[in-house]
Amino acid sequence: MYPSKFDYHRPSSVQEAVQILADNPDAKVLAGGHSLIPVMKLRLAAPAALVDIGRIDALQGISRSNGSLRIGACVTYNEIANSADVQAAAPLLAEAAGQIGDRQVRYRGTIGGNLSHADPASDLPAAALALGATLHVAGSGGSRSVSASDFFVDLMMTALQADEILTEVEIPAAGAGTGSAYVKFEHPASGYALCGAAAVVTRDAGGSCTGASLCFNGVSATAVSAADAASSLVGSDLSDGAIDSALSGMSIPDATGDMFASAGYRQELARALGAQALRTARDRA
Ligand SMILES: Cc1cc2nc3c(=O)[nH]c(=O)nc-3n(C[C@H](O)[C@H](O)[C@H](O)COP(=O)(O)OP(=O)(O)OC[C@H]3O[C@@H](n4cnc5c(N)ncnc54)[C@H](O)[C@@H]3O)c2cc1C
């Protein structure tokens, strides 16, 4: 299949890119192209123009400053998975990025594309939620910051406006006593997650849990936080029993049932993978 005809723009700055988007309401941003090009070839999308942001220097690079990790929107999964800065400051993100697709996908796909596409089965939205990421966005009206918890609105729908570009992802660097894990149960054919669980826990010197987050992708229309289950772990010793008890009553609202798995099966997967992710995070803390 071939895509419909489209104009192609390759801006060299974020300002130029957002201006093109503002002037062309039917234009779409092109990053790694590993989701957009397939849907264009299937004619599920037919944008009048593509705005290729892959050569904009300001959207590249990984840096650490003032206790934060900053990742440009066009940084690839491969760069994230192999970055010493990401492995030190947000190992959960490196672990999730390293499990995406195959080598070709990891060399082309970008963090900005993954989060903006907001596929419910994508791996990075749950990691961004669990890590408390802030997403920096630029549009023709200026710049703004959106917390990951406000970014994912509905199935493949985000808080981005049509003329806005996700420019950078900011993550608070992991502190002492913090451990994390990303665990994925993937569809054997596509490799996409039927369920992915991202857990972060922090323990004090005595081993008590002082903070926990647990988020899932693949289970419902958007990545979702199991905030009640995670907060019930605070003050516990994070024993297997405490984790099982926190997850026993957990129910993900509006779990998806489809030809691959029923809603009930996904709920069970979330409980099993959530426990696995929390135990691994505890052992790493
Ligand atoms: C064979 C295969 C296997 C895959 N397996 C997995 C997997 O296991 N896990 C997983 O998470 N993903 C998987 N993917 C999807 C892959 O991760 C895509 O790369 C990702 O969904 C989109 O990132 P991209 O950079 O390729 O974005 P693109 O395809 O270029 O764009 C995707 C969408 O996001 C928009 N967009 C892109 N960047 C920005 C930005 N900075 N600001 C605003 N809008 C933007 C585009 O306009 C488009 O609507 C797979 C893809 C393939 C082809």
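Note that the structure is a prediction, hence the values are computed from the model and not measured. Numbering of ligands and ligand atoms starts at 1, following listing order.
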## Note on the structure
atom 37 (C) of ligand 1 has as its nearest protein heavy atom G113 CA, 3.4 Å
### Task
Among all protein heavy atoms, pick out the one at the shortest distance from atom 36 (N) of ligand 1; state its residue, atom name and that distance to 0.1 Å.
S116 CB, 3.7 Å
### Task
Give yes or no for whether the N/O distance cutoff of 3.5 Å, strictly under, is met between T110 and ligand 1.
yes
### Message
Between D240 and R282, does any side-chain N to carboxylate O distance fall below 4.0 Å?
### Response
yes
### Task
Would you mind finding which of A126, G139, G101, P47 brings a heavy atom closest to atom 7 (C) of ligand 1?
G101
## Note on the structure
Rounded to the nearest 0.5 Å, the CD atom of E168 sits from the CD1 atom of I111 at a distance of 10.0 Å
#### Entry: Intermediate values then yes/no, side-chain contact (heavy atoms from CB on, under 4.5 Å), L36 and L50
CA-CA 10 Å; L36 183 55; L50 290 186; 3.8 Å; yes
### Query
Less than 3.5 Å between some nitrogen or oxygen of L166 and one of ligand 1, yes or no?
yes
### Donor-acceptor side-chain pairing of D237 and S239 below 3.5 angstrom
yes
## Note on the structure
min-distance protein heavy atom vs atom 17 (O) of ligand 1 -> Y77 OH, 2.6 Å
#### Entry: Which residue and heavy atom of the protein sit nearest atom 46 (C) of ligand 1, plus the separation
V29 O, 3.0 Å
### Message
Test your reading of the structure: does A31 have an N or O sitting under 3.5 Å from an N or O of ligand 1?
### Response
yes
### Smallest separation among heavy atoms of H136 and S145, with atom names
ND1-OG, 2.9 Å
### Query
Where is the nearest protein heavy atom to atom 11 (O) of ligand 1: which residue, which atom, and how far?
D123 N, 2.9 Å
### Query
Quick one: which ligand 1 atoms are inside 4.0 Å of a heavy atom on S122?
10 (C), 11 (O)
### Task
Write out the residue and atom name of the closest protein heavy atom to atom 51 (C) of ligand 1, then the distance separating them to 0.1 Å.
Y192 OH, 3.4 Å
#### Entry: Candidate pair R70 and S63, rule side-chain contact (heavy atoms from CB on, under 4.5 Å), full reasoning
CA-CA 5 Å; R70 302 179 81 101; S63 61; 3.8 Å; yes
### Task
Could you go through the side-chain contact (heavy atoms from CB on, under 4.5 Å) check for D228 and M250 one step at a time?
CA-CA 8 Å; D228 289 347; M250 183 183 76; over 6 Å; no
### Message
Does only the side chain of A73 get under 4.0 Å from ligand 1, or the backbone, or both, or neither? Count heavy atoms.
### Response
side chain
### Query
Atoms of ligand 1 less than 4.0 Å from S35 heavy atoms?
15 (C), 18 (C), 20 (C), 21 (O), 22 (C), 26 (O), 29 (O)
### Query
So, does R106 use its side chain to make a donor-acceptor pair with the main chain of I100 at under 3.5 Å?
yes
### Message
With a 4.0 Å cut-off on heavy atoms, is L160 in contact with ligand 1?
### Response
yes
### Task
Check whether more than 12 heavy atoms from other residues, nucleotides or ligands sit under 6.0 Å from atom CZ of R284, and answer yes or no.
yes
### Task
Among all protein heavy atoms, pick out the one at the shortest distance from atom 1 (C) of ligand 1; state its residue, atom name and that distance to 0.1 Å.
V105 CG2, 3.9 Å
### Query
Under a heavy-atom criterion of less than 4.0 Å, does K184 contact ligand 1?
yes
### Query
With distance as the sole test, does E95 use its side chain to make a donor-acceptor pair with the main-chain N or O of P91 at under 3.5 Å?
no
### Message
M40 vs F6, test: side-chain contact (heavy atoms from CB on, under 4.5 Å). Steps then yes/no.
### Response
CA-CA 10 Å; M40 287 174 65; F6 55 87; 3.6 Å; yes
### Numbered atoms and elements of ligand 1 in range of G109, under 4.0 angstrom, heavy atoms
19 (O), 25 (O), 26 (O)
### Query
Would you say Q99 and ligand 1 have an N/O pair spaced under 3.5 Å apart?
no
### Message
Could you check whether any heavy atom of G33 sits closer than 4.0 Å to an atom of ligand 1, since that is the contact criterion I want to use?
### Response
yes
### Query
Do we see a donor-acceptor contact under 3.5 Å between the side chains of D119 and Y192?
no
## Note on the structure
Nearest non-hydrogen protein atom to atom 26 (O) of ligand 1, with distance, is H34 N, 2.8 Å
### Query
Heavy-atom count around D102 CG within 6.0 Å, excluding the residue itself: above 12?
yes
### Task
For D258, look at atom CG and say whether over 12 heavy atoms of other residues, nucleotides or ligands are found less than 6.0 Å away.
yes
### Query
For the atom pair OG (S213) and CG (L278), what is the distance rounded to the nearest 0.5 Å?
9.0 Å
### Task
Using non-hydrogen atoms of the residue, decide whether L124 is closer than 4.0 angstrom to ligand 1.
no
### Where ligand 1 meets G191 - atom numbers and elements under 4.0 angstrom, heavy-atom basis
8 (O)
### Task
For K28, take its heavy atoms, then give the atoms of ligand 1 lying under 4.0 Å from any of them.
47 (O), 49 (O)
### Message
Under 4.0 Å, heavy-atom basis, I'd like to know which part of T167 is in contact with ligand 1: side chain, backbone, both or neither.
### Response
neither
### Task
Would you mind finding which of A118, G32, P125 brings a heavy atom closest to atom 24 (P) of ligand 1?
G32
### Message
Given H117, M156, R106, identify the one with the heavy atom nearest to atom 32 (C) of ligand 1.
### Response
H117
### Query
Hey, does L36 come in under 3.5 Å of ligand 1, counting only N/O atoms on both sides?
yes
### Query
Where the side chain of N24 meets the backbone of I20, is there a donor-acceptor pair that is under 3.5 Å apart?
yes
